[in-house]
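Everything on this sheet refers to the single structure shown next.
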Amino acid sequence: MDGRYSSGLRFPGLITGQQVAEARRDLGRRLAAWRAERGLTQMQLAKSICYSRSSVANAEIGRDTSVRRFWQDADRAVDARGALLAAFDQMAALVRDFHTQRAQARDEERQRRAGRTAIRATQAATGDCGCGMVVVGRWTGQETRALREALRMTVHDFARHLEVEPATVSGWEHRHTSTPPPAMATQAALDETLTLADSNAIARFLLILDTPDHHM
C-alpha cells in the first residue's frame, strides 16, 4: 500500500446507519490489507500491540472499531505511516456526525411532542435495530461491565483499551471499595468507546443493563 488514503467516508446530506456500517467495514478491510502486506497473521499483530487475536479479527470485519489507541498501535505495527490512523479518524468523525444528526432529530421530535423526561440514556433510531446514540451520565461498575460484555471483550483487553490495570476494571465491576471510580479521563474514554460501538453492541449494552439478574 502506498500510504495514501482517499476518503469515501464523508457523505452529503443525512448520514445513514448503513453508511456508518460500511465505513466500519472499510476501515477493517484497510487494517487487513496492511497486515497481509506486512506478512503478519492476526495473532502476530495482536501480540505486537498487546491485544487479543479476537480484537484484531473483530476490527477487521468492522464489528469493533475500538478506541484510537488500538489504531495508533496497529498503524505503527504494520508501518502504515499514519494512513491507517487517518482512516480511523475519518471514520470516527463520520460516526460523530451521524450521532449529531440523530441527536438533532431526537431533539426536534422531543420538541414536537413536548414533554418526555430523559432518564440516564437517550436513544435515536438508526434504521434497522432501533439503537442509536446512548449517553451515560456517570460511569459506574454496572455500566462499565455492561459495555465490556457488550463489546465481547475480556477484562484484560478492556483494561488495555482504557489504559488502566485489569485489576482496576475488576474492582469497578465487583464494586471493591479499595478501587476508586473511573476518573474523568477514563469516563471520557468510556464515552468514546460507547460512541464508536456498532448498533449491535449498543443493543447488547442496553439489554445487559436492563437484565434484572445482571448482578455486580
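Throughout, residue positions are numbered sequentially from 1 according to the sequence presented. In this text, all values refer to a predicted model and were calculated from it rather than measured experimentally.
In this structure, the separation between CZ on Arg38 and CG on Asp79 is 5.0 Å, given to the nearest 0.5 Å. Here Trp172 contributes atom CH2 and Arg145 contributes atom CZ; the two are 14.5 Å apart, rounded to the nearest 0.5 Å. One finds the CZ atom of Arg35 at 12.0 Å from the CG atom of Leu84 (value rounded to the nearest 0.5 Å). Note that the CG atom of Leu151 and the CZ atom of Arg204 stand 7.5 Å from one another [nearest 0.5 Å]. We find the CG-CD1 distance between Leu147 and Ile208 to be 9.0 Å, quoted to the nearest 0.5 Å.
A 4.5 Å side-chain heavy-atom check between His99 and Thr195 finds at least one atom pair inside the cut-off.
Salt bridge annotation for Asp73-Arg160: present, with a cationic side-chain nitrogen under 4.0 angstrom from a carboxylate oxygen. With salt bridges taken as basic N to acidic carboxylate O contacts below 4.0 Å, none links Glu143 and Arg138. Salt bridge status for Arg29 with Glu60: absent, with no side-chain N to carboxylate O gap under 4.0 Å.
Counting non-hydrogen atoms of neighbouring residues, nucleotides and ligands closer than 6.0 angstrom, the NE2 atom of His156 reaches no more than 12 such neighbours. Counted within 6.0 Å of CD on Gln44, heavy atoms from surrounding residues, nucleotides or ligands total more than 12; the atom is thus considered enclosed.
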With side chain to side chain contact (heavy atoms under 4.5 Å, CB included) as the test, would you mind laying out the steps for Glu37 and Val78 before giving the verdict? CA-CA 8 Å; Glu37 183 167 305; Val78 300; over 6 Å; no
Would you please test Thr144 and Val169 for side chain to side chain contact (heavy atoms under 4.5 Å, CB included) and show each step? CA-CA 8 Å; Thr144 54; Val169 173; 6.0 Å; no
Given the rule in the side chain to side chain contact (heavy atoms under 4.5 Å, CB included) test, do Trp139 and Asp191 qualify, once you have shown the distances and angles that lead to the verdict? CA-CA 9 Å; Trp139 289 92; Asp191 289 339; 2.7 Å; yes
Could you give me the CA-CA distance, side-chain angles and deciding distance for Arg24 and Asp198, then say whether side chain to side chain contact (heavy atoms under 4.5 Å, CB included) is met? CA-CA 9 Å; Arg24 295 179 189 278; Asp198 63 25; 3.9 Å; yes
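With hydrogens and angles left out, the side-chain atoms of Asp89 and Trp71 include no donor and acceptor closer than 3.5 Å.
The six-membered or imidazole ring of Tyr51 lies near that of His161, with a centre-to-centre distance under 6.0 Å.
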